[in-house]
Amino acid sequence: MALNFSTITQKKNVLFIIGATGTGKTKLSINIGIQIPSEIINSDKIQVYKGLDIVTNKVPESEQCSIPHHLLGIIDDPDYDFTVNEFCKKMVETLDAIVENGHLPIIVGGSNSYLQVLVDDPVYAFRSKYNCCFIWVDVALSTLFPYLDMRVNEMVKAGLVDEIRNSFEPGVDCTRGIRRAIGVPELQRYFEIENDEGIDEVHKEKILKEAITEMKENTCKLAENQLIKIDNMVNSLGWDMHKIDSTKVFEAVLKGEDYQHLYQEIVVKPSLEIVKRFLKEQLMKTHNAY
């Protein structure tokens, strides 16, 4: 019988899954949600916008395994400024609704600066209201970088260029809203010349290849910056994180080997043990309090 997490403790239990881009945070959240009654909250500030699903790597509904997902594609205006304060407000509202449903909220995403405000800013008094469990999915950069390169290639094959072309506007500001997503600014120059008959096709192809290369470079820079912030959370802010090293899984992916068993053994299984132990400890604390 499923535990009702809204009644077993006064403070509400929340699971965070963090990590650099491309490390499999969403996949892990779904694997946990299949086995523990949960609902998933997106904490990626770009995925809150509607559209550009390939560019922003939104999990397709077909892969959500009927687990409720929140704060995905909720903003229609591509130029809307989704502030950290709005993020925190919506996050808390969603958390409370999930707990009322008797489910465990799983917060998943890479916008670590927003998460830091949510958890540590005294305005929200988050830690006084919520018991937090942090799982950090990590992959060595020497392995993650070639994987991110491969992932961009797969995104291009899946229609990334066409997707961005359909939303292209000449001279648009790519520092606002969803257009900040890696891929949109990089391809802007290509789309500006794509239909110029005075420019030969060889040059256009060169500009396109340069844009895709820049996408790969900026994705790797993003991963590095995210790891710096996570490092700061652990070493300066004292966040108690459970680190799951998924490097061997990604090495197998890059080699084209079957990685599913390895993924279950070194990522899913220990993560589930961490979450179940966390929930059991909070339940025992509540019982002891009475």
Side-chain angles (χ1 to χ4, degrees), residues 1-19 23-44 47-48 57-74 87-111 114-115 118-119 124 126-137 239-244 246 260-261 263-290:
M1 186 176 72
L3 290 173
N4 186 320
F5 298 114
S6 65
T7 60
I8 64 174
T9 180
Q10 291 179 333
K11 287 174 70 174
K12 301 156 189 174
N13 298 323
V14 182
L15 171 63
F16 291 79
I17 299 179
I18 69 171
T23 52
K25 301 181 294 295
T26 298
K27 182 177 181 179
L28 177 58
S29 70
I30 291 171
N31 272 272
I32 291 173
I34 290 170
Q35 301 197 48
I36 296 175
S38 308
E39 297 185 34
I40 295 169
I41 314 176
N42 161 55
S43 63
D44 184 310
Q47 290 189 357
V48 298
N57 284 294
K58 291 190 189 79
V59 58
E61 190 173 342
S62 61
E63 297 177 14
Q64 294 177 11
C65 296
S66 300
I67 301 167
H69 281 63
H70 303 271
L71 305 191
L72 270 178
I74 61 170
F87 166 84
C88 292
K89 181 183 176 184
K90 286 189 176 295
M91 184 64 71
V92 170
E93 290 173 354
T94 308
L95 278 171
D96 291 343
I98 292 172
V99 174
E100 285 300 313
N101 289 339
H103 294 163
L104 174 69
I106 306 178
I107 298 176
V108 185
S111 295
Y114 277 32
L115 288 177
L118 174 71
V119 173
Y124 302 103
F126 195 88
R127 290 185 185 271
S128 68
K129 301 171 185 174
Y130 302 94
N131 301 309
C132 302
C133 178
F134 300 97
I135 293 180
W136 169 12
V137 187
W239 288 29
D240 184 15
M241 294 199 194
H242 302 276
K243 189 173 180 180
I244 300 292
S246 190
Q260 294 297 343
H261 177 73
Y263 176 70
Q264 289 293 324
E265 286 300 311
I266 72 173
V267 178
V268 177
K269 187 176 178 180
S271 295
L272 275 169
E273 289 173 356
I274 289 165
V275 177
K276 289 176 180 177
R277 185 167 63 247
F278 163 71
L279 294 173
K280 184 177 180 181
E281 287 172 356
Q282 301 311 321
L283 180 60
M284 290 177 64
K285 287 178 183 178
T286 302
H287 285 169
N288 291 338
Y290 291 99

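Along the sequence shown, the residues carry numbers beginning at 1.
By the neighbour-count criterion of 12 heavy atoms within 6.0 Å, atom CD of Glu61 is sparsely surrounded, having that number or fewer from other residues, nucleotides or ligands.
For Tyr130 against Val92, the heavy-atom pair with the smallest separation is OH-CG1, 3.6 Å. Closest non-hydrogen pair, Gly24 versus Tyr263, comes out as O-OH, 4.4 Å. The minimum heavy-atom distance between His103 and Glu39, with the atom names listed, is ND1-OE2, 2.9 Å. Among all heavy-atom pairs drawn from Phe278 and Asn131, the shortest one is CZ-O, 3.3 Å.
The CD1 atom of Ile274 lies 13.0 Å from the NZ atom of Lys243; values are rounded to the nearest 0.5 Å. Separation of atoms CG (Leu15) and CD1 (Ile36) is listed at 8.0 Å; rounding is to 0.5 Å. A distance of 12.5 Å separates NZ in Lys269 from CD1 in Ile244, rounded to the nearest 0.5 Å. To the nearest 0.5 Å, atoms CD1 (Ile30) and SG (Cys65) are separated by 5.5 Å. Atom OG in Ser246 sits 9.0 Å away from atom CG in Leu28 (nearest 0.5 Å). Here the CG atom belonging to Leu115 is positioned 6.5 Å from the CE atom belonging to Met91, to the nearest 0.5 angstrom.
No donor-acceptor distance shorter than 3.5 angstrom exists from the side chain of Ser38 to the backbone of Gly33, with no hydrogens or angles considered. At distances below 3.5 Å, at least one donor-acceptor pair connects side-chain atoms of Asn42 with backbone N or O atoms of Leu71. Lys11 places a side-chain N or O within 3.5 Å of a backbone atom of Arg127 that can act as its donor or acceptor partner.
For the pair Ser43/Tyr114, no side-chain contact is recorded, criterion being any heavy-atom separation below 4.5 Å from C-beta on.
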